[in-house]
Amino acid sequence: MPELPEVETIVRDLRPLLIERHFTHLTLSDQALRQPWQPEWSAQVLGGAIQSIRRRGKWMILNLASGRRLVVHLGMTGQLTVTSSALPLEDHTHLVFTLDGGLEQLRYRDIRRFGGITLYADEATTEAFLNDTLGPEPFDLNPATFQHGVQATARCLKAVLLDQHIVAGVGNIYADESLHTACLHPSQLGRATTSAECVRLQSAIVEVLTRAIERRGSSIRNYVGGSGLRGGYQEEFRAYGRTGQPCPRCDTAIEVVRLAGRSSHYCPRCQRTAS
DNA sequence: ACAGGATCCTGGGGGC
DNA sequence: TGCCCCCAGGATCCTG
């Protein structure tokens with residue numbers, strides 16, 4: 001999916017387009033999403049203004065004046081965009097929220113249907129769900145908490161970074177990029193990782209995500225921002241998707257290995273497992 | 001308890 | 001050209 005930088009970009013794009021606006025109409029596709037939209041929600045989202053929009057991990061939360069929350073996850077191929085109502089609906093568009101005035105729509109499109117939109121009744125139930133699902137945000141991660149999360153497990157670092165309870169928002173791309181920046185091998189075990197390496201890894205995560213947000217995220221295939229613009233961070237990849245190409249640090253060919261069910265790209269020379 | 005694999009979907013690319 | 005297999009930015013459930 002869109003990982004943290006992509007979701008952050010979408011949230012920033014959508015804010016000026018959606019704040020103080022409200023939905024007047026909603027249409028659904030006949031294909032079920034992983035988290036199916038419940039029929040009774042349709043009437044509940046109409047009429048009340050959108051007061052704020054924020055990101056938590058890879059999730060987006062739209063606060064409605066009624067107190068209800070629209071909670072969005074994009075799965076692997078989700079797109080949430082505001083477009084002119086006059087534009088034809090693209091294939092795989094599953095929810096269309098028409099905005100007041102009727103000229104624009106908020107559209108949720110998701111080819112693989114791994115994502116979805118859920119309506120929560122109030123702030124308390126929304127926060128309970130998010131805090132149960134997610135660990136801390138990378139930008140306010142307590143170093144001791146992170147170190148404990150890494151060192152307490154027998155999983156490899158790649159799996160640790162993909163675990164949303166350890167740090168929220170990192171996915172396959174930014175896990176590979178962070179490990180490369182930190183000079184750590186993706187298959188190194190969490191419990192074999194030193195405290196100094198944890199510090200290095202944490203700074204690498206922050207550095208990589210910050211730069212990726214500046215570039216509006218990475219567009220590999222389906223990702224677009226809230227206004228349909230693509231991202232540019234894919235031009236700065238050091239490891240992800242660069243199998244056989246030279247490591248920008250040492251020129252060694254990048255290799256790929258399958259870990260935690262995901263392809264993991266790394267430099268065999270400058271990302272050596274600690275011995 | 002924990003780690004790894006299978007699974008939910010569709011589409012695109014490579015190999016034959 | 002066509003077909004088949006594998007792969008893809010994620011999260012959850014099941015198994016050993």
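Protein chains get the first letters and strands the later ones, always in sequence-line order, with residue 1 at the start of each.
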Could you go through residues 34-48 of chain A and list every donor-acceptor pair under 3.5 Å that involves a side-chain atom there, pairing it with any protein atom two or more places apart or in another chain?
| unit_1 | atom_1 | unit_2 | atom_2 | d |
| --- | --- | --- | --- | --- |
| A:Trp37 | NE1 | A:Ser42 | OG | 3.0 |
| A:Gln38 | NE2 | A:Pro36 | O | 3.1 |

Span that lies between the P atom of B:dG11 and that of C:dT12, in whole angstrom: 25 Å

Residue whose nearest DNA chain B nucleotide is more 5′ - A:Gln31 or A:Ala159: A:Ala159

Modelled atom types, side-chain donor and acceptor of A:Tyr266 and A:Ser187, under 3.5 Å: no

Under 3.5 Å side-chain donor-acceptor pair for A:Thr133 and A:Gln164: no

Aromatic ring pairing A:Tyr108/A:His94, orientation class (parallel under 30°, perpendicular over 60°, tilted between): tilted

Flag for A:Glu6-A:Tyr233: side-chain donor and acceptor within less than 3.5 Å: no

Atom-to-atom span, CZ of A:Phe237 to C1' of C:dA8 - whole angstrom: 13 Å

Counterpart residues, ring pair (Phe, Tyr, Trp, His ring centres under 6.0 Å), relative to A:Tyr240 (two or more places apart): A:Phe237, A:His265

Short N-O contact, A:Arg12 and A:Glu8, less than 4.0 angstrom: yes

Distance, rounded to the nearest Å, where A:Gln164 contributes CD and C:dG9 contributes P: 14 Å

Residues A:Glu137 and A:Arg56 bridged, charged N to O under 4.0 Å: yes

Rounded interatomic separation in angstrom, taking CZ from A:Arg262 and P from C:dA8: 8 Å

Nearest-Å distance once atom C1' is located in both B:dA3 and C:dG9: 23 Å

Cationic N near anionic O, under 4.0 Å, A:Arg238 to A:Asp176: no

Pairs where residues 7-29 of chain A contributes a residue and the test ring-ring contact (aromatic ring centres under 6.0 Å, His included) is met, not counting sequence neighbours: A:Phe23-A:Phe97

Carboxylate-amine/guanidinium proximity below 4.0 Å for A:Glu235 and A:Arg230: no

Pair assignment for DNA chain C - dot-bracket with | for other-strand partners, Watson-Crick or G-U under 3.5 Å: .|||||||.|||||||

Sugar-phosphate, base or nothing in reach of A:Ala154, heavy atoms under 4.0 Å: sugar-phosphate

Outermost nucleotides of DNA chain B that come under 4.0 Å of a non-hydrogen atom of chain A: B:dA3 to B:dG11

Sugar-phosphate, base or nothing in reach of A:Gly261, heavy atoms under 4.0 Å: nothing

Whether over 12 other heavy atoms sit under 6.0 Å from A:His148 NE2: no

Sugar-phosphate, base or nothing in reach of A:Arg155, heavy atoms under 4.0 Å: sugar-phosphate

Residue-level proximity of residues 105-122 of chain A to DNA chain C when a heavy atom falls under 4.0 Å: A:Arg112, A:Phe114

Separation of the C1' atoms in C:dC6 and B:dA6, to the nearest angstrom: 16 Å

Sugar-phosphate, base or nothing in reach of A:Ser218, heavy atoms under 4.0 Å: base

Spacing between A:Met76 atom CE and C:dG9 atom P, to the nearest angstrom: 5 Å

Sugar-phosphate, base or nothing in reach of A:Tyr174, heavy atoms under 4.0 Å: nothing

